[in-house]
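Counting starts at 1 for both ligands and their atoms, following the listed order.
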Amino acid sequence: MKIYQGNMIGTGLRFAIVASRFNEFITSKLIDGAKDALLRHDVRHQDIDLFWVPGAWEQPLTAKEIALSGKYDAIISVGAVIKGDTSHDVYVASEAAKGLAMVSLEQRVPVAFGILTCDTLDQAIERAGVKAGNKGADAALAALEAANLLANIRNGAEEE
Ligand code: INI
């Protein structure tokens, strides 16, 4: 049996973080978590670029342009969609999720989904470095593993 998996070594890999300004109080913590996770896995500071977008709705198109540039091994999307008085947030979150999945599949580049979809601000805070960890860091680690997995599949480098 051949087993393919991605290791967690970031040496030489390049990452794009796409971050929403909307709910920046939360998003900035997710960016910090993502950067910290990458740096602690030997990604170089100069190999991480940050792209600000207005909100989660704007993430898919931006991620697509980034993917088309061919400069990055993976994209990490971070943001926070928090329930409001209307159903606006539902449309924003679902289109962001669908759009980012589409970019990943069409462009064949890992796009980690680090956009929080929360009912309350407290839930978002808990996921931005408090009780429930930091989902930006989790997304960065998923992007790293997925980037190395794809490289192994493309190189035919299985593990025993
Ligand atoms: N954008 C977010 O990133 N999070 C939200 O919670 C949010 N809500 O709830 O409205 C949000 N809306 C803005 C949206 O992403 C677009 O920027 C806007 O609609 C302009 O296209």
Side-chain angles (χ1 to χ4, degrees), residues 6 8 10 13-41 43-150:
M8 301 304 285
L13 297 181
R14 295 156 308 167
F15 292 87
I17 300 173
V18 186
S20 304
R21 287 192 197 283
F22 207 102
N23 293 322
E24 193 268 347
F25 171 74
I26 299 293
T27 304
S28 61
K29 301 292 180 207
L30 301 176
I31 296 168
D32 290 346
K35 270 170 41 187
D36 182 60
L38 294 176
L39 293 172
R40 286 191 293 112
H41 285 79
V43 178
R44 296 185 311 171
H45 197 264
Q46 62 265 40
D47 289 335
I48 306 170
D49 289 336
L50 174 63
F51 299 80
W52 283 106
V53 296
W57 181 269
E58 282 75 27
Q59 291 238 3
L61 176 59
T62 308
K64 185 166 183 174
E65 284 299 323
I66 292 167
L68 282 168
S69 77
K71 290 186 191 162
Y72 302 94
D73 296 289
I75 297 170
I76 300 153
S77 156
V78 296
V81 179
I82 302 174
K83 183 127 211 65
D85 294 335
T86 68
S87 48
H88 185 77
D89 59 288
V90 177
Y91 294 97
V92 169
S94 71
E95 292 309 312
K98 264 190 275 174
L100 289 168
M102 195 184 297
V103 170
S104 185
L105 292 173
E106 284 181 353
Q107 304 303 317
R108 300 170 62 214
V109 64
V111 180
F113 188 63
I115 298 181
L116 304 178
T117 53
C118 299
D119 291 332
T120 65
L121 178 60
D122 276 354
Q123 287 179 349
I125 292 170
E126 282 172 8
R127 288 158 180 76
V130 192
K131 273 197 280 187
N134 185 311
K135 298 299 177 194
D138 292 350
L141 295 179
L144 172 58
E145 183 175 348
N148 281 323
L149 169 63
L150 278 198

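Judged by distance alone, the side chains of D47 and Y72 never bring a donor and an acceptor atom under 3.5 Å apart.
Among pairs with a residue in residues 66-93, those fulfilling salt bridge (charged side-chain N to carboxylate O under 4.0 Å, His left out) read R14-D73, K83-D89, at least two apart in sequence or across chains.
Within 4.0 Å of ligand 1, protein heavy atoms belong to F22, N23, G55, A56, W57, E58, A80, V81, I82, H88, D89, V92, listed by chain and number.
A salt bridge is defined here as a Lys NZ or Arg NE, NH1 or NH2 lying under 4.0 Å from an Asp or Glu carboxylate O, and K98 with E95 meets this definition.
Remark: the backbone N or O of L141 is not paired with any side-chain donor or acceptor of E145 at under 3.5 angstrom. Looking only at distances, a side-chain donor or acceptor of T27 sits under 3.5 Å from a matching main-chain atom of S20.
Atom-to-atom distance recorded for H41:NE2 and F15:CZ is 10.0 Å, nearest 0.5 angstrom.
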